[in-house]
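Have a look at the structure below, then the notes.
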Amino acid sequence: QVQLAESGGGLVQAGGSLRLSCAASGRTSSTYFMGWFRQAPKREREFVAAIKWGSASTYYTDSVKGRFTIARDNAKNTVYLQMNSLKFEDTAAYYCAAAGRDYFRIPIIAGSYDFWGQGTQVTVSS
């Protein structure tokens with residue numbers, strides 16, 4: 001089992017920045033990928049970004065490319081999501097996820113991830 005705890009959400013004005021953190025504990029050695037997803041009210045959960053734990057390869061959804069950066073700190077078992085130039089449409093609950101299986105490509109489907117955090121709210125005011 002892997003436990004995930006997100007932090008860093010909050011209220012920010014459009015154009016501002018936030019950094020989300022996801023601290024992993026438990027059997028982290030069996031984690032291959034870490035991802036961030038988000039879910040706005042009345043919308044499905046959507047992929048935001050992910051990183052391969054070993055190689056640090058990354059992948060982003062188009063709407064956040066150039067604005068968001070995912071990174072990991074092996075020593076702290078923590079993944080970060082730096083969010084810059086935030087827009088109103090980035091408002092959502094953000095969830096950290098961990099995949100315990102190795103995939104050929106970085107997975108972008110929620111069902112590919114085995115463990116989830118409780119989520120942290122990001123609200124961007126326009």
Side-chain angles (χ1 to χ4, degrees):
Q1 290 289 326
V2 176
Q3 293 79 42
L4 303 172
E6 303 101 332
S7 61
L11 174 65
V12 64
Q13 288 188 332
S17 299
L18 281 175
R19 188 178 78 158
L20 305 183
S21 299
C22 174
S25 59
R27 295 189 62 181
T28 57
S29 60
S30 61
T31 298
Y32 289 92
F33 301 91
M34 297 288 290
W36 286 96
F37 288 75
R38 64 187 179 187
Q39 187 168 17
K42 300 182 181 180
R43 299 192 65 175
E44 292 188 357
R45 190 168 297 190
E46 66 170 350
F47 172 81
V48 177
I51 188 168
K52 187 167 185 176
W53 196 258
S55 67
S57 298
T58 58
Y59 188 80
Y60 301 88
T61 193
D62 286 345
S63 63
V64 308
K65 284 180 181 177
R67 300 189 299 122
F68 291 11
T69 302
I70 188 171
R72 58 139 172 62
D73 184 328
N74 285 348
K76 296 182 178 179
N77 284 330
T78 299
V79 172
Y80 304 96
L81 185 67
Q82 177 66 43
M83 304 186 296
N84 299 328
S85 302
L86 282 162
K87 304 176 181 180
F88 175 75
E89 50 265 40
D90 293 319
T91 296
Y94 282 70
Y95 297 89
C96 176
R101 291 160 285 179
D102 197 7
Y103 296 94
F104 182 72
R105 293 185 177 88
I106 292 177
I108 63 172
I109 298 173
S112 299
Y113 291 81
D114 305 291
F115 307 101
W116 292 82
Q118 80 286 356
T120 185
Q121 180 66 35
V122 171
T123 302
V124 183
S125 62
S126 58

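When a residue number appears, it is its place in the shown sequence, counting from 1. Computed from heavy atoms alone, side chains included, the values below leave out hydrogens, waters and symmetry copies. Because the structure is predicted, anything quoted here is derived from the model rather than measured.
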Tyr32 OH to Ser55 OG distance, which is reported to the nearest 0.5 Å: 12.5 Å
Closest non-hydrogen atom pair, Pro107 against Phe47: O-CE1, 3.8 Å
Calculate, to the nearest 0.5 Å, the distance between atoms CD1 and OG belonging to Ile51 and Ser57 respectively. 8.0 Å
Which residue pairs pass the disulfide bond (SG atoms under 2.5 Å apart) test with at least one member in residues 50-84, sequence neighbours excluded? none
So which atom in Ile70 and which in Tyr60 form the shortest heavy-atom distance, rounded to 0.1 Å? N-OH, 2.9 Å
Indicate yes or no for a side-chain donor-acceptor contact from Thr120 to the backbone of Gly9 under 3.5 Å, with no hydrogens or angles considered. yes
Lys/Arg N to Asp/Glu carboxylate O, Asp62 vs Lys65, below 4.0 Å: yes
Would Tyr59 and Ile109 show up in the same hydrophobic cluster when neighbours are defined by side-chain heavy atoms closer than 4.5 Å? yes
Are more than 12 heavy atoms from other residues, nucleotides or ligands located less than 6.0 Å from atom CZ of Arg105? no
Which residue pairs pass the disulfide bond (SG atoms under 2.5 Å apart) test when at least one of the two sits in residues 4-107, sequence neighbours left out? Cys22-Cys96
What verdict does the side-chain contact (heavy atoms from CB on, under 4.5 Å) test give for Thr78 and Arg72, after you've listed the backbone C-alpha separation in whole Å, the side-chain angles of each residue and the deciding distance to 0.1 Å? CA-CA 6 Å; Thr78 299; Arg72 58 139 172 62; over 6 Å; no
CD on Gln3 to OG1 on Thr28, rounded to 0.5 Å: 10.0 Å
For the backbone of Val124 and the side chain of Thr91, can you confirm whether one donor and one acceptor N or O come within less than 3.5 Å of each other? yes
So do Glu6 and Leu4 actually touch side chain to side chain, heavy atoms under 4.5 Å? no
Between Phe68 and Val48, does the side-chain contact (heavy atoms from CB on, under 4.5 Å) criterion hold? Intermediate values first, please. CA-CA 9 Å; Phe68 291 11; Val48 177; 3.8 Å; yes
If you measure from OG1 on Thr69 to CG on Asn84, what distance do you get to the nearest 0.5 Å? 6.5 Å
Search all heavy atoms of Ile106 against all heavy atoms of Ala50 and return the closest pair with its distance. CG2-CB, 3.4 Å
Sort and list the pairs that fulfil ring-ring contact (aromatic ring centres under 6.0 Å, His included) and have at least one residue in residues 101-126, not counting sequence neighbours. Phe37-Tyr113, Phe37-Trp116
Backbone N/O of Ala99 and side chain of Asp114: donor-acceptor pair under 3.5 Å: no
How long is the gap from OG on Ser63 to CD on Glu89, to the nearest 0.5 Å? 8.5 Å
Suppose we screen for salt bridge (Lys or Arg N to Asp or Glu O under 4.0 Å). Which residues come up paired with Asp73, at least two apart in sequence or across chains? none
Can you list every pair that meets ring-ring contact (aromatic ring centres under 6.0 Å, His included) and has a residue in residues 70-95, with sequence neighbours left out? none
Asp90 vs Arg67, side-chain contact (heavy atoms from CB on, under 4.5 Å): CA-CA, chis, key distance, verdict: CA-CA 11 Å; Asp90 293 319; Arg67 300 189 299 122; 2.7 Å; yes
For Ala24 and Val2 the tightest heavy-atom approach is CB-CG1, 4.4 Å
Heavy-atom donor-acceptor pair, Ser30 side chain to Arg27 backbone, under 3.5 Å: yes
Are the side chains of Ser17 and Met83 in contact, using a 4.5 Å heavy-atom criterion? no
Any side-chain heavy atom of Val122 sitting closer than 4.5 Å to one from Leu18? yes
Residue pairs meeting side chain to side chain donor-acceptor pair (under 3.5 Å), one or both in residues 40-49, sequence neighbours left out, come to Arg38-Glu46, Gln39-Arg45
Gln13/Leu86 under side-chain contact (heavy atoms from CB on, under 4.5 Å): CA gap, chis, key distance, verdict: CA-CA 8 Å; Gln13 288 188 332; Leu86 282 162; over 6 Å; no
